[in-house]
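Keep in mind the model is a prediction, meaning the values are calculated, not measured.
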Amino acid sequence: MSGEERGKRAARNEDLFRQVNERLHDLAVISGSSEPHGKFVCECEQTSCSLLVELSAGEYGAVRANDTRFLVFPEPWHTSPEVEAVVERHDRYWVVEKRGTAGAEAEDLAERGSNLL
Ligand SMILES: [Zn+2]
C-alpha cells in the first residue's frame, strides 16, 4: 500500500471515530451529565483499539475545533509518526495532528460532513 493510500485509509478510520465521539458528546450534553469529564473513544488508526479517554467538554471542543486534530490514548502506540505529530500531551489524553495527505483527507472528510453511521 502506498503512503498516500495508507494516509487516506487512516484518515477515514479516524473520521469514523470522530463521528462516534461527536454523538457521545451530544448525548452527554443532552442528558445534562454532571460528570466533569465525558468518555470518548481513542481516535487512533488501530482498528483493534477500543480504549476510552476522558475529556471535559471544553477540552473536547478545543480538539474538535481543528479538523486535522484527533484525540488519542496517551501512549505512543496510539500515534502514527509517519502521518501525524503529537501536538499536545495531557495526563488523560494526547492530541495528534495529521500532516500531508492524511491531514488533507481528514479536512476533506470533515468538510463534506460524511455520515458513515
Ligand atoms: Zn487507540
Side-chain angles (χ1 to χ4, degrees):
M1 197 184 300
S2 73
E4 185 172 338
E5 284 169 348
R6 184 160 186 276
K8 282 187 177 180
R9 192 183 61 149
R12 287 203 193 93
N13 187 35
E14 288 170 345
D15 186 62
L16 183 61
F17 284 128
R18 175 164 57 190
Q19 291 180 45
V20 170
N21 280 339
E22 283 172 2
R23 296 289 170 90
L24 289 172
H25 181 246
D26 289 346
L27 287 171
V29 171
I30 291 166
S31 66
S33 170
S34 58
E35 297 287 323
H37 302 124
K39 287 189 170 58
F40 299 96
V41 292
C42 172
E43 296 176 345
C44 77
E45 70 171 281
Q46 314 288 343
T47 51
S48 59
C49 173
S50 58
L51 290 173
L52 296 173
V53 290
E54 295 191 7
L55 281 76
S56 70
E59 289 168 340
Y60 179 75
V63 178
R64 261 320 64 99
N66 193 321
D67 289 341
T68 57
R69 294 193 176 190
F70 295 87
L71 53 101
V72 298
F73 195 83
E75 283 178 3
W77 187 75
H78 300 272
T79 69
S80 306
E82 60 271 37
V83 294
E84 65 199 17
V86 179
V87 291
E88 289 180 33
R89 284 184 169 83
H90 304 275
D91 289 344
R92 282 173 278 107
Y93 68 100
W94 285 359
V95 179
V96 296
E97 185 167 79
K98 295 286 166 191
R99 297 178 302 209
T101 307
E105 182 74 2
E107 278 187 320
D108 199 39
L109 288 167
E111 275 170 24
R112 271 187 276 153
S114 63
N115 198 337
L116 305 172
L117 296 179

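A pairwise comparison of heavy atoms in A106 and K98 identifies CB-CG, 4.4 Å as the closest pair. E105 and A11 get closest at one heavy-atom pair: CG-CB, 3.5 Å.
Looking at R99, its side chain does come within 3.5 Å of a backbone N or O of P81 through a donor-acceptor pair. At least one donor-acceptor pair closer than 3.5 Å links the side chain of E84 to the backbone N or O of S80.
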Contacts under 3.5 angstrom, residues 61-73 side chains, donor-acceptor by atom type, not counting sequence neighbours:
{"unit_1": "R64", "atom_1": "NH1", "unit_2": "E43", "atom_2": "OE2", "d": "2.8"}
{"unit_1": "R64", "atom_1": "NH1", "unit_2": "Y60", "atom_2": "OH", "d": "3.2"}
{"unit_1": "R64", "atom_1": "NH2", "unit_2": "E43", "atom_2": "OE1", "d": "2.9"}
{"unit_1": "R64", "atom_1": "NH2", "unit_2": "E43", "atom_2": "OE2", "d": "3.4"}
{"unit_1": "R64", "atom_1": "NH2", "unit_2": "R69", "atom_2": "O", "d": "3.4"}
{"unit_1": "N66", "atom_1": "OD1", "unit_2": "T68", "atom_2": "N", "d": "3.1"}
{"unit_1": "N66", "atom_1": "OD1", "unit_2": "T68", "atom_2": "OG1", "d": "2.8"}
{"unit_1": "R69", "atom_1": "NE", "unit_2": "E97", "atom_2": "OE2", "d": "2.8"}
{"unit_1": "R69", "atom_1": "NH2", "unit_2": "E97", "atom_2": "OE2", "d": "3.2"}

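Note: the hydrophobic cluster containing L51 does not contain W77 (ILVMFWY, side chain heavy atoms under 4.5 Å, direct or indirect links). No continuous path of ILVMFWY side-chain contacts below 4.5 Å connects V95 to V83, so the two sit in separate hydrophobic clusters. Tracing side-chain contacts under 4.5 Å through hydrophobic residues (I, L, V, M, F, W, Y), one reaches L55 starting from V87; they form part of the same cluster.
Put simply, CZ on R9 and CZ on R12 are 10.5 Å apart, with the number rounded to the nearest 0.5 Å. Atom NE2 in H37 sits 14.5 Å away from atom CG in L52 (nearest 0.5 Å). Taking CG of N13 as the start and NZ of K8 as the end, the distance is 16.0 Å to the nearest 0.5 Å. Remark: N21 CG to E14 CD distance equals 11.5 Å, nearest 0.5 Å. For the atom pair CG (D91) and CD (E54), the distance works out to 12.0 Å, reported to the nearest 0.5 Å.
Comment: D15 engages R18 in a salt bridge, judged by a side-chain N to carboxylate O separation of less than 4.0 angstrom.
Side-chain contact check for L24 versus K39: every heavy-atom pair is 4.5 Å or farther apart. At a threshold of 4.5 Å between non-hydrogen side-chain atoms, the residues C42 and W94 do not count as touching. Under the 4.5 Å side-chain criterion, counting only non-hydrogen atoms from C-beta, E59 is not in contact with E88.
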